[in-house]
There are 2 protein chains.
Amino acid sequence: MCPKIVDREAKKLEILQAALQVFSQKGISNTKMIDIARAASIGKGTIYEYFSSKEDIFITGFHQFFAGYDEMISNAIKKQDHPSEQLKVLIHVSLEAIFEEQKDFIGILMDFWAEGIRSKDNSMEDAIHLKEMYQNYRMMIRQIIDRGIAQGVFRPIDSMAFASFLLAAIDGLMLQWVMEPELFDMKQIAESLCDGMLNGIRN
Amino acid sequence: MCPKIVDREAKKLEILQAALQVFSQKGISNTKMIDIARAASIGKGTIYEYFSSKEDIFITGFHQFFAGYDEMISNAIKKQDHPSEQLKVLIHVSLEAIFEEQKDFIGILMDFWAEGIRSKDNSMEDAIHLKEMYQNYRMMIRQIIDRGIAQGVFRPIDSMAFASFLLAAIDGLMLQWVMEPELFDMKQIAESLCDGMLNGIRN
DNA sequence: ATATTAATACCGACCAGTCGGTCATTATAA
DNA sequence: TTATAATGACCGACTGGTCGGTATTAATAT
């Protein structure tokens, strides 16, 4: 029988979610295995039935986190046709999805960034490709822009630089928002960002 | 005689620099006291003659790091008179000073951010005020903008939101640059950011 | 000058606590 | 009964911080 496979995967996911939860609160290197176990309401040893090590949890979590993000964004974009609209949903989804669904998890982003940046001189180099991920994001944006330029809706700007700026703004805004959630409303700020960015490049 | 005080301070600074160096390479919680000692070419015990704990080093380093940054920026701004120019130097100094002088230390920024964000539920709450620091940065930018608006050189925009965007862009660009330094030239990208931002608000 | 004393800087072996990971045992399911 | 899953006591490697002792420099006395 194979309900087991389902169960195993489900439980693995459960542990992962618990781990991400704890990671976000305490930081990854301040998180102890026992913390994860308790958060998942299981024994410490059980974790090792599903993950080979703490690093394994970290890397799996890392990928799950960004894969979900990726999918959410590219799905949202696919639903749109007009480059302007695509840019809009990209901004809105980036800022609001995290805001709404996973606000607890943003704390981890920082660790992921920190680890990802440092993984150059690190054993995790092969498992983490933050650089490549950002290249993908930039490419995604770039393609939207280039299509817009080709269609004549955008001015012929440097699409690569624009992509960097947009990505930078999104990351930076998330950062500020985590520090001070009451500072601005995510929906509003996303709207402003859309306006500003689109105004700057519209033909 | 009192050369001692000078020496002590100098040595404390030396240790601090060594610590920051190691922090940036390995991350703060992966840094061992012995690493710092070796980097400073002293015995481990000696560190405790100058700092009370690892956390003490971290907090002192944190403040030194940002105090230097603050001073550099506000000095550069004071030298300018025109709001447009002030904004320009703010952007250039923010992006390039770190780029030129302390590129090794950017890795720490991530830890500082991570710790700062998490210090809410943390014993370091009293020692780290990342939120307040960002409020100050925003205020600094805001005052430039408001003066520009009053003088009629800028359109009457929402100066607070603009400050958030600018800060976000700067942080985000640094982030991307750390991941992939060859992606863009800091001087150029700073210039582009200036153009874009100023074009967006010039009257 | 030189000896003596005092004060300070420096050191690394050591200690006590911690934590990732293991494994013998127990509970559960088939 | 047997196979599988779950568990937490246990282990050993590791590390922040301590402490007794040594080296170095300064102050004082002779």
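Numbered from 1 within each chain, the chains take letters A, B, ... in sequence-line order. Values below: every heavy atom of this structure, side chains too, minus hydrogens, waters and symmetry copies.
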For [N], does either OP1 or OP2 sit under 4.0 Å from a side-chain N or O belonging to [X]?
X	N	result
A:Lys11	D:dA5	no
A:Thr46	D:dT7	yes
A:Tyr50	D:dA6	yes

Which whole-number value in Å describes the distance from [X] [atom1] to [N] [atom2]?
X	N	atom1	atom2	value
A:Asp56	C:dG21	CG	P	10 Å
B:Ile47	C:dA9	CD1	P	16 Å
B:Phe51	C:dA9	CZ	P	14 Å
A:Lys12	D:dA5	NZ	P	14 Å
A:Lys32	C:dG21	NZ	C1'	15 Å
B:Asp35	D:dT15	CG	C1'	10 Å
A:Ile57	C:dG21	CD1	C1'	12 Å
B:Ile36	C:dG12	CD1	P	16 Å

Checklist line | side chain to side chain contact (heavy atoms under 4.5 Å, CB included) against B:Asp56, all qualifying residues, sequence neighbours excluded | finding: B:Phe51, B:Ser52, B:Ser53, B:Thr60
Note to self: For B:Lys88, is the NZ atom crowded, meaning more than 12 foreign heavy atoms sit under 6.0 Å from it?
What the structure shows: no
Checklist line | Residues, nucleotides or ligands: over 12 heavy atoms within 6.0 Å of A:Asn199 CG | finding: yes
Checklist line | A:Leu95 side chain near A:Lys187 side chain, heavy-atom distance below 4.5 Å | finding: no
Notebook entry, point to check: Is the closest side-chain donor-acceptor distance between A:His129 and A:Gln135 under 3.5 Å?
Noted result: no
Margin query: Under 4.0 Å, counting only non-hydrogen atoms across every strand here, what does A:Thr31 touch: a base, just sugar-phosphate, or nothing?
Written below: sugar-phosphate
Check: A:Ile42 near the nucleic acid: base, sugar-phosphate alone, or nothing, with a heavy-atom cut-off under 4.0 Å?
Finding: sugar-phosphate
Which atoms of nucleotides 17-23 of chain D (N or O only) lie under 3.5 Å from a protein N or O atom, and what are those distances?
from   : atom 1 : to      : atom 2 : distance (Å)
D:dG17 : OP2    : B:Tyr48 : OH     : 3.1
D:dG17 : OP2    : B:Lys54 : N      : 2.9
D:dG17 : N7     : B:Lys44 : NZ     : 2.3
D:dG17 : O6     : B:Lys44 : NZ     : 2.4

Checklist line | A:Arg8 NZ/CZ over A:Tyr50 ring centroid, <6.0 Å and within 45° of normal | finding: yes
Distance-only check: which donor-acceptor pairs under 3.5 Å involve side-chain atoms of residues 70-80 of chain B, not counting sequence neighbours?
from    : atom 1 : to       : atom 2 : distance (Å)
B:Asp70 : OD1    : B:Tyr137 : OH     : 2.6
B:Ser74 : OG     : B:Asp70  : O      : 2.9

